[in-house]
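Notes to accompany the following structure.
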Amino acid sequence: MTVTADLAISLDGCVAGSDVSVDNPGGDGAEPLFEWIHNLASWRERQGMTGGEENRDSELMREWFDATGAVVMGRMMYDTGEGFWGDNPPFRTPVFVLTHRPRPTLVKEGGTTFTFVTDGIHSALEQARAAAGDANVDIAGGARTVRQYLEEGLIDELQLHVVPALLGEGLRLFEGLGARRNLETVRVVETPLATHLKYRFVK
């Protein structure tokens, strides 16, 4: 079992635009980070749609989806995504939401459940590991949540889909990250849509 983080990121290190809110989940100016994904066949499958492009980008997305057995996310990511995901979220796995506001577990269609964890990142990861079995646990976001797990050395592999865009301002993944970590390159895949970089942290 591997703990992963898999994010689309701009050339200047942003994983979301500025002014992220429930009504503006990607933030201002963030369209280039996500629009390249929307027509991939593997992405459309997860949204319950048909069609889309079968290419290397789609293969990499499908690989990530298929390997993931549980997900951890922050409350902001949940709050901003809840309305968009609807009753059939794309995760198809147990999701553990970091929060200070307890609420009952939500059971959705397609195998997605949302469990709200109030006792910290380590507890959320332990619960996710138990739920994932031999599959991977993905730390989905947002940026602050991923940074917390990076700070604690709890992420094994980091995959970044670098899109050819400069946002100028927004939520930067590595801003304020105090921990120094060494990585080794696992894979580099270049496509017209993105450069896919996969790293493994050296323990």
Side-chain angles (χ1 to χ4, degrees), residues 1-9 15 37 40-48 57-82 84-161 173 179 181 183-184 186-187 189 196-203:
M1 191 275 291
T2 302
V3 180
T4 66
D6 192 297
L7 303 105
I9 190 167
V15 293
I37 301 175
L40 300 181
S42 57
W43 179 261
R44 292 176 64 84
E45 288 168 12
R46 297 293 278 205
Q47 315 303 317
D57 305 279
S58 185
E59 290 173 2
L60 292 171
M61 290 295 103
R62 186 176 287 108
E63 175 187 274
W64 167 44
F65 292 147
D66 291 348
T68 299
V71 172
V72 176
M73 69 176 60
R75 184 61 186 253
M76 175 59 81
M77 182 175 178
Y78 173 79
D79 286 344
T80 55
E82 183 179 20
F84 176 76
W85 298 325
D87 291 330
N88 191 8
F91 303 100
R92 313 284 193 261
T93 61
V95 179
F96 298 86
V97 182
L98 295 162
T99 183
H100 296 295
R101 294 171 285 163
R103 61 181 293 184
T105 295
L106 297 178
V107 179
K108 298 286 189 175
E109 297 176 17
T112 300
T113 58
F114 292 101
T115 300
F116 299 87
V117 181
T118 59
D119 52 348
I121 67 171
H122 293 275
S123 175
L125 182 55
E126 288 175 8
Q127 293 180 58
R129 279 177 166 147
D134 293 332
N136 293 345
V137 173
D138 188 66
I139 311 300
R144 181 173 177 270
T145 296
V146 175
R147 280 199 298 269
Q148 286 181 284
Y149 281 94
L150 288 173
E151 289 274 8
E152 294 293 320
L154 296 173
I155 293 176
D156 302 309
E157 290 184 353
L158 177 65
Q159 182 159 241
L160 302 176
H161 310 282
L173 178 61
R181 303 287 308 283
L183 304 95
E184 58 184 9
V186 176
R187 180 175 66 197
V189 178
H196 308 276
L197 308 174
K198 188 173 186 179
Y199 300 100
R200 181 179 296 115
F201 286 98
V202 179
K203 300 295 186 180

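This chain uses plain numbering: 1 for the first residue, then up along the sequence.
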Evaluate the salt bridge (charged side-chain N to carboxylate O under 4.0 Å, His left out) criterion for residues D156 and K203: first the C-alpha distance (whole Å), next the side-chain angles of each, then the deciding distance (0.1 Å), finally the verdict.
-> CA-CA 8 Å; D156 302 309; K203 300 295 186 180; 3.2 Å; yes

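Taking the six-membered ring for Trp and the full ring otherwise, the centers of F116 and F96 sit at least 6.0 Å from each other.
A 6.0 Å sphere centred on CZ of R62 holds more than 12 heavy atoms belonging to other residues, nucleotides or ligands.
Interatomic distance, L125 CG to L154 CG, rounded to the nearest 0.5 Å: 6.0 Å. Atoms CE and CD1, on M61 and I37 in that order, are 5.5 Å from each other to the nearest 0.5 Å. Taken to the nearest 0.5 Å, the OG1 atom of T68 stands 5.0 Å off from the CG atom of D138. Between the CG atom of L150 and the CD1 atom of I155 there is a distance of 4.0 Å, given to the nearest 0.5 Å. Atom CD of E82 is separated from atom CZ of R75 by 7.5 Å, given to the nearest 0.5 angstrom. Taking CD from E152 and CD1 from I121, the interatomic distance works out to 5.0 Å, rounded to the nearest 0.5 Å.
In this structure, the side chains of L106 and Y78 come closer than 4.5 Å at one or more pairs of heavy atoms.
Between the side chain of N136 and the main chain of T2, a donor-acceptor pair closer than 3.5 Å is present.
Residues satisfying the salt bridge (Lys or Arg N to Asp or Glu O under 4.0 Å) criterion with E63, sequence neighbours excluded, are R187. Legend: residues meeting ring-ring contact (aromatic ring centres under 6.0 Å, His included) with F91, ordered by chain and number and at least two apart, are W85.
The only member of V3, L98, V117, V97 that meets side chain to side chain contact (heavy atoms under 4.5 Å, CB included) when paired with V72 is L98.
Side chains of H196 and D57: a donor on one and an acceptor on the other come within 3.5 Å.
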